[in-house]
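Read the structure below first, then the notes.
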Amino acid sequence: MKYADREDSLPMQSSSGGESESILITDYYQRPFLLLHAEKARASSDITTPHPIRNRFWQLIQSGEYQWNQAKVLLNSYLQSVEAELRKSISDLSLAYCLHLYRRLSPGAIGQDKQGATIGLTRAILEAAFQKYAGFALCTKIAESQTIPIERVLGGLLMAPEFEVEREILAQGNQLVLTDFSGFDLEACYNLEKLAYEIWRVGAALRTTGKGANLIVCEPPECFIDDRSEELDFLVSNFDKRASKFGASHSATGVVFPDVTENSASGCVFLPVYNLGDVTGKDLQKLFSKLYRIRLSPDFVPNFVWVPFNLREYRQAHLPFSSAFRERYGSSFDAVIVVVAALCSRVFHSWNETRGMSVFRYWQRAYEGPCRKEFLRNEIMTFLSDAHEVLAIEKTTIDSKEIDLAINFWTLNASNRRDISLAYPGPHYLFLPIKNNALFVDYAWILRRLHDLFIGVSIPDQNFKGVALENALRSKASMLPTGPCKADHGDKHQIDYAAAMGDYLIIAECKAVARSIAFERGEPQAIKHHVENMVELALTQIDEKAEWLANNPVGTNYDISKYKYIVPVAVSPFVEFIPSMDRRYWLSKDIPRVLTPQEFEALIEDRDTIENAANKVTIKQGYELS
């Protein structure tokens with residue numbers, strides 16, 4: 001991708017209740033950034049050239065093949081070197097500068113891997129690095145526009161005659177602006193992103209070598225790759241492809257909750273995600289026209305897309321963790337969620353009241369501020385009633401002291417920034433200190449933080465997770481009893497859920513096993529533990545139940561004699577990594593036997609896959625050989 005492809009987008013909007021003329025929503029930096037990107041495009045034709053640190057480090061390592069233990073040492077050593085370089089480059093910058101600049105660059109590829117998931121993770125890594133290492137006080141590269149002469153804005157670039165509009169924009173009010181800034185600073189930002197990409201690349205290598213591949217140290221520009229077999233390449237690619245399709249209806253603990261529906265709209269809020277799917281103004285026009293009476297240019301590409309999230313059901317599903325959450329963090333779970341609901345209600349209110357620039361900035365930046373902490377607290381209290389309504393909880397259950405504790409929970413400080421990991425990455429914080437008791441409110445990573453909120457919060461009884469997973473499948477009644485199926489001879493087995501299609505009965509074993517950070521980081525023992533306790537155990541259990549049902553088609557409380565075959569599968573909250581291409585693990589070439597709830601819903605409507613499923617059981621005859 002060229003430098004010229006990475007500038008912020010310019011939308012055309014038309015507002016109001018009548019037929020007003022189209023207006024161009026712009027900002028002080030946009031046209032100057034086009035110029036700076038054009039200069040960089042002439043200087044460097046390929047933004048995806050690796051950061052020099054890759055060659056500097058790996059040229060000192062002997063070429064060859066390294067097994068997991070050696071590979072882990074090398075990769076972690078490289079990770080430490082890259083993070084040290086990031087820390088060195090960021091520590092002299094302010095958090096305000098980093099966020100202000102980076103959110104004005106559209107998300108795009110910075111390395112050879114151009115997948116949306118990779119772009120998103122690279123952004124998550126770099127923004128975690130900003131929160132971990134950038135200074136809280138303003139640095140010399142950013143200032144309030146009314147405190148400096150306009151000649152200093154963007155290094156004096158705005159003084160050119162063609163930027164009269166931008167000078168008028170700055171004269172309208174006080175705002176943070178880039179000061180001593182040039183194409184070199186733009187290139188430096190992209191170099192930071194390249195370092196974040198190297199951390200992603202290390203993580204990808206650890207996840208693959210943790211699944212059985214060796215690490216190959218080779219010549220530049222790659223320097224290190226894995227020697228995955230054809231089978232492992234398929235398994236990893238299948239996992240990644242499936243994982244990229246699914247949203248946020250479960251947390252890292254394995255707790256599932258209902259997705260957004262028309263009936264659940266009152267419990268939903270909008271949360272931003274990076275626009276990694278090339279959503280354009282054409283895709284958003286119907287929504288924006290209906291809600292805000294704004295006409296978007298079809299070519300407008302927002303940096304973020306705000307998506308509905310069922311916060312009410314999320315809270316309800318995780319209530320069993322409440323006491324342990326308070327014990328760990330000193331703040332109530334409800335207060336933490338109420339703060340999120342209040343802020344999201346405030347954003348939605350702002351969209352409806354102000355339209356135009358307000359909507360544009362949220363969809364382009366996903367943050368606001370700086371604002372004083374007292375002002376922010378007052379705004380949260382103002383929208384507290386709306387938050388209670390979203391969550392369907394009593395208004396008297398959370399007092400102002402709990403709100404203060406929750407605000408502290410969401411606020412980055414010198415102590416908790418030490419807990420931020422770039423390798424994972426996270427946790428990201430919602431309130432970012434800037435200067436003199438002022439904060440940015442950064443909405444961009446709320447969804448990720450909610451997913452990870454209960455990592456490290458343990459409770460002894462987690463059986464409720466399995467029940468929640470079973471309930472997620474029951475949009476239609478099960479074809480078997482919700483209690484145990486009882487055979488005539490007294491034996492019995494619990495079938496979590498059953499659906500039917502023609503001659504086929506599809507039965508599911510629901511198993512909710514939390515996924516650890518160690519799994520995500522590619523630790524072989526963590527991967528092995530999860531596969532054994534999720535994939536292997538679930539398939540063993542459902543296969544036993546399928547064989548039992550096939551040999552006992554009629555019981556005291558069920559009758560499956562009208563079916564000819566049983567298709568046994570397992571259901572997990574997560575897209576699970578399948579450890580082998582062996583026939584035991586697959587319904588078809590691409591569809592595994594361990595599915596997410598969404599994949600299961602698709603399966604029971606897929607006649608071709610069901611009728612040709614491997615591992616189907618013939619009733620009264622045991623496993624069919626095919």
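Numbers here are sequence positions counted from 1.
With 3.5 Å as the limit, one finds no donor-acceptor pair spanning the side chains of Lys141 and Ser94. Using modelled atom types, one finds a donor on one side chain and an acceptor on the other under 3.5 Å when comparing Asp283 with Thr280. If you check the side chains of Gln598 and Ser249, you find a donor sitting under 3.5 Å from an acceptor. Under the 3.5 Å distance criterion, with hydrogens and angles disregarded, a donor-acceptor pair is assigned to the side chains of Arg521 and Ser421.
Contact of the Leu450 side chain with the Ser251 side chain is not registered, since no non-hydrogen atoms from C-beta on lie closer than 4.5 Å. In this structure, the side chains of Leu176 and Pro370 come closer than 4.5 Å at one or more pairs of heavy atoms. Annotation: side chain of Gln175 is in contact with side chain of Ile169 (closest heavy-atom distance under 4.5 Å). At least one side-chain heavy atom of Ser400 sits less than 4.5 Å from a side-chain heavy atom of Arg377. Between Ile407 and Lys373, some side-chain heavy-atom pair lies under the 4.5 Å cut-off. Residues Leu412 and Pro433 meet the side-chain proximity criterion, which asks for heavy atoms closer than 4.5 Å. With contacts defined as side-chain heavy-atom distances shorter than 4.5 Å, the pair Thr253/Phe321 qualifies. Counting only heavy atoms from C-beta outward, the side chains of Tyr133 and Leu422 approach each other to under 4.5 Å.
Judged by the 6.0 Å distance and 45° axis criteria, Arg449 is positioned over the aromatic ring of Tyr429. Under the 6.0 Å distance and 45° angle rule, Arg123 counts as a cation-pi partner of Tyr102.
Residue His529 places its NE2 atom among 12 or fewer non-hydrogen atoms of other residues, nucleotides or ligands, all under 6.0 Å distant. Atom CD of Glu523 sits in a crowded spot, with more than 12 heavy atoms from other residues, nucleotides or ligands closer than 6.0 Å. Residue-environment remark: CG (Asp278) stays at or below the threshold of 12 foreign heavy atoms within 6.0 Å. The environment of CD in Glu327 is sparse: at most 12 heavy-atom neighbours from other residues, nucleotides or ligands sit within 6.0 Å.
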(request) Decide side-chain contact (heavy atoms from CB on, under 4.5 Å) for Ile380 and Val338; before the verdict, give the C-alpha distance in whole Å, the side-chain angles of both, and the deciding distance to 0.1 Å. (result) CA-CA 9 Å; Ile380 291 171; Val338 159; 5.8 Å; no
(request) Evaluate the salt bridge (charged side-chain N to carboxylate O under 4.0 Å, His left out) criterion for residues Arg346 and Glu368: first the C-alpha distance (whole Å), next the side-chain angles of each, then the deciding distance (0.1 Å), finally the verdict. (result) CA-CA 12 Å; Arg346 177 175 174 272; Glu368 62 176 299; 2.6 Å; yes
(request) Walk me through it: do Glu127 and Asp442 pass the test side-chain contact (heavy atoms from CB on, under 4.5 Å)? (result) CA-CA 11 Å; Glu127 295 200 21; Asp442 186 8; 4.2 Å; yes
(request) Determine, stepwise, if the pair Phe574 / Phe519 fulfils ring-ring contact (aromatic ring centres under 6.0 Å, His included). (result) CA-CA 12 Å; Phe574 306 101; Phe519 176 95; 8.4 Å; no
(request) Step by step, work out the side-chain contact (heavy atoms from CB on, under 4.5 Å) result for Phe300 and Gln364. (result) CA-CA 11 Å; Phe300 169 48; Gln364 288 298 87; 3.7 Å; yes
(message) Could you walk me through whether Ile393 and Arg315 satisfy the side-chain contact (heavy atoms from CB on, under 4.5 Å) test, starting with their C-alpha distance in whole Å, then the side-chain angles of each, then the deciding distance to 0.1 Å, before giving a yes or no?
(response) CA-CA 10 Å; Ile393 60 178; Arg315 170 194 172 267; 3.1 Å; yes
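Note that the CD atom of Glu509 and the CD atom of Glu470 stand 8.0 Å from one another [nearest 0.5 Å]. Here OH of Tyr97 is found 6.5 Å from CG of Leu178. Values are rounded to the nearest 0.5 Å. For the atom pair SG of Cys189 and CG of Leu105, the computed distance is 5.0 Å after rounding to the nearest 0.5 Å. Atom CG of Leu311 is separated from atom SG of Cys268 by 8.5 Å, given to the nearest 0.5 angstrom. A distance of 8.5 Å separates OG1 of Thr140 from CG of Leu93, quoted to the nearest 0.5 Å. A distance of 12.0 Å separates CG of Leu121 from CD1 of Ile199, quoted to the nearest 0.5 Å.
Of all non-hydrogen atoms in Pro272 and Tyr443, the two that sit nearest each other are CG-O, 3.3 Å. Counting all heavy atoms, side chain and backbone alike, Ala252 lies closest to Asp452 at CB-OD1, 3.9 Å. Across all non-hydrogen atoms, the minimal contact from Val457 to Phe325 is CG1-N, 3.7 Å. What you find for Ala324 and Ile459 is that their closest heavy atoms are CB-CG2, 3.7 Å. Between Ala508 and Asp496, the closest heavy-atom pair is O-CB, 3.3 Å. Shown here for Gly108 and Glu193, the closest heavy-atom pair between the two residues is O-OE2, 4.3 Å.
The existence of a salt bridge linking Arg207 and Asp240 is excluded, since no basic side-chain nitrogen approaches an acidic carboxylate oxygen closer than 4.0 Å. We find that Glu576 and Arg515 are joined by a salt bridge, their nearest charged nitrogen and carboxylate oxygen being less than 4.0 Å apart. No salt bridge links Glu599 with Lys241; every basic N to acidic carboxylate O contact stays at or beyond 4.0 Å.
Aromatic ring centres of Tyr362 and Phe348 lie farther apart than the 6.0 Å criterion allows. Proximity of the aromatic rings of Tyr274 and Phe304 is defined here by a centroid distance below 6.0 angstrom, and this criterion is met. Checked against the 6.0 Å centroid criterion, the rings of Phe33 and Tyr29 qualify as a close aromatic pair.
Without hydrogens or angle criteria, His318 side chain to Tyr314 main chain gives a donor-acceptor distance under 3.5 Å. The backbone N or O of Asn303 lies less than 3.5 Å from no partner atom in the side chain of Asn275, so there is not a single donor-acceptor pair. Counting only distance, with no hydrogens or angles, the side chain of His388 and the backbone of Leu384 share a donor-acceptor pair below 3.5 Å. Without hydrogens or angle criteria, Lys132 side chain to Arg418 main chain gives a donor-acceptor distance under 3.5 Å. Between the side chain of Arg242 and the backbone N or O of Phe577, no donor-acceptor pair lies under 3.5 Å. Counting only distance, with no hydrogens or angles, the side chain of Trp363 and the backbone of Trp306 share no donor-acceptor pair below 3.5 Å. No donor-acceptor pair closer than 3.5 Å links the side chain of Asn310 to the backbone N or O of Phe257. Side chain of Asn416 to backbone of Thr411: a donor-acceptor contact under 3.5 angstrom is found. The backbone N or O of Ser322 lies less than 3.5 Å from no partner atom in the side chain of Arg326, so there is not a single donor-acceptor pair.
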